[in-house]
Structure formats: structure tokens, C-alpha cells
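Here's the structure we're looking at; comments come further down.
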Amino acid sequence: TTTTPTSVRSNVPSTRVLHAINPIVSAILRSPLQGILSGSLLLLTFTGRRTGKAYTIPVGYTRDGETLVLFTDRAWRTNLRGRDGAPVTVRLQGRRRTGRGELIADPAAVVATVERLITRYGSKSAGRRVGLTLDAKAPPSHGQLATAMEGHVLIALTLD
């Protein structure tokens, strides 16, 4: 049996791989070498809702006007729930900034943002920014994107 290649698939590393590389990526983002990664990665610090503990993780981001957007399907996202979002600190391009992170779980809003990024950056670049591998020859359909983004949320970061 042969399978037809899909034009949309996740390129996010497994949790095991992320746990192994996150300390290295975090160290680079805190160092004078941060410039090699800081165009697409930042350090996000938030407070655990139940534990009250501060967590810092490297995440990919994209600028969308004055907002930084990122996509995730990881459990940490629930710490950003709330009517007004949650306070966050980011280390962005070598600078510490404060702001608010708003979790947007509406699938239509998530897919609409992905489609807007594809229009702005093209399939290949937008795919990297979102965590998808997109076939550059055939733009993904709305349905393909909706399927690929199932379980993902959009985090909108507004910095002070």
C-alpha cells in the first residue's frame, strides 16, 4: 500500500527531545550568542496557576503587528488562561520585557492566524513559524490546516 504525501504535517520535536534541548537553547538565549536564535525564539516566563512557581521555557514566536504570536499544544498553556490573560516576562532579542499572554483556543481564530501568516510569509517560512511542514508546491487547504492545528492554541503576547 502506498500513501500519498500530505502537504501539512507537524515538525515540532517530541517532548523527550524538547526536554533534552531546552536547557541548551535557554542558555544560548541568555548568552551573548542569543542573536543566532532570537529572531525566532524567545524565553517565556510565566507562573504556574496551581504551584505558584515561575517556569521559563524557550518558544518559537512570530510578530503579528505589535503582538507576538506563538502556537502550542503543550500542557503549560493552561497557565495563561483567564479573562485578561496572564502576566508574563519574555527575554526577547537579548532584552527582558514584561507583558500579558492571552490564550486563544478558538479553532477558527487559530486557523485564521495561520492562514494570515502563510499569506504574509509564504508556506515554507510560515510553516516554520507555526511548527508545521507545508508543501510549498500546493498551498494547504483550510481543512488541512484545521486538521493539522487540532489541539493547538494561539498565545498572543502583548508587551508593555
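Worth saying up front: this structure is predicted, and the values here are computed from it rather than measured.
Val69 and Ile155 are assigned to two separate hydrophobic clusters, defined by single-linkage of ILVMFWY side chains at heavy-atom distances under 4.5 Å. Residues Val153 and Val130 do not share a hydrophobic cluster, defined by chaining ILVMFWY side chains whose heavy atoms lie under 4.5 Å apart. Ile104 and Ile118 fall within the same hydrophobic cluster, defined by Ile, Leu, Val, Met, Phe, Trp and Tyr side-chain heavy atoms under 4.5 Å apart, directly or through other members.
Between Gly60 and Leu70 the shortest heavy-atom distance is O-CB, 3.0 Å. Here the closest non-hydrogen pair linking Leu103 and Arg77 is CD1-O, 3.0 Å. When all heavy atoms of Gly94 and Arg91 are compared, the pair lying nearest together is O-NH2, 3.5 Å. Taking each heavy atom of Ala146 and Val111 in turn, the nearest pair found is CA-CG2, 3.6 Å. Minimum heavy-atom separation, Leu29 to Pro58: CD1-CB, 4.1 Å.
A side-chain donor-acceptor contact under 3.5 Å links Arg129 and Ser125. A donor-acceptor pair shorter than 3.5 Å can be found between the side chains of Thr45 and Thr56.
Contact annotation: the side chain of Leu157 approaches that of Leu44 to within less than 4.5 Å [non-hydrogen atoms, C-beta and beyond]. Side-chain contact between Arg120 and Leu117 is present, with at least one heavy-atom pair separated by less than 4.5 Å. In this structure the side chain of Leu37 reaches within 4.5 angstrom of the side chain of Val25, judged on heavy atoms. Inter-residue side-chain proximity for Leu92 and Leu68 is flagged as met; some heavy-atom pair is nearer than 4.5 Å. In this structure the side chain of Glu66 never reaches within 4.5 angstrom of the side chain of Thr158, judged on heavy atoms.
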As a quick check of understanding, evaluate side-chain contact (heavy atoms from CB on, under 4.5 Å) for Leu145 and Leu132, giving each step before the final call.
CA-CA 9 Å; Leu145 288 175; Leu132 298 173; 4.2 Å; yes

Quick one: do Val59 and Leu42 satisfy side-chain contact (heavy atoms from CB on, under 4.5 Å)? Show the steps, please.
CA-CA 6 Å; Val59 293; Leu42 58 79; 3.5 Å; yes

Could you please spell out the steps behind the side-chain contact (heavy atoms from CB on, under 4.5 Å) verdict for Arg128 and Lys124?
CA-CA 6 Å; Arg128 278 194 309 269; Lys124 188 173 182 176; 3.6 Å; yes

The test is ring pair (Phe, Tyr, Trp, His ring centres under 6.0 Å); show your working for Phe46 and Trp76 and say whether it passes.
CA-CA 9 Å; Phe46 55 88; Trp76 62 261; 5.5 Å; yes

Please determine whether side-chain contact (heavy atoms from CB on, under 4.5 Å) holds for the pair Arg116 and Asp64, giving the CA-CA distance in whole Å, both sets of side-chain angles, and the decisive distance to 0.1 Å.
CA-CA 9 Å; Arg116 189 169 62 251; Asp64 190 16; 2.5 Å; yes

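Partners of Arg16 under the side-chain contact (heavy atoms from CB on, under 4.5 Å) rule, at least two apart in sequence or in another chain, are Ser14. Considering only residues two or more places apart in sequence or on other chains, Val110 meets the side-chain contact (heavy atoms from CB on, under 4.5 Å) condition with Phe71, Met149, Leu154. The ring pair (Phe, Tyr, Trp, His ring centres under 6.0 Å) search around Tyr61 returns none, not counting sequence neighbours.
In this structure, Arg95 places its CZ atom where only 12 or fewer heavy-atom neighbours from other residues, nucleotides or ligands lie under 6.0 Å away.
With values rounded to the nearest 0.5 angstrom, Ile28 atom CD1 is found 9.5 Å from Ile21 atom CD1. Distance check: Gln34 CD to Leu43 CG gives 10.0 Å after rounding to the nearest 0.5 Å. Going from atom CD of Glu115 over to atom OG of Ser141 covers 9.0 Å, rounded to the nearest 0.5 Å. Within the model, atoms CZ of Arg100 and CG of Leu159 stand 12.0 Å from one another, a figure rounded to the nearest 0.5 Å.
Not one N or O on the side chain of Asp73 forms a donor-acceptor pair closer than 3.5 Å with the backbone of Gly151.
Classification of Asp160 and Arg97 as a salt-bridged pair fails, no side-chain N sitting under 4.0 Å from a carboxylate O.
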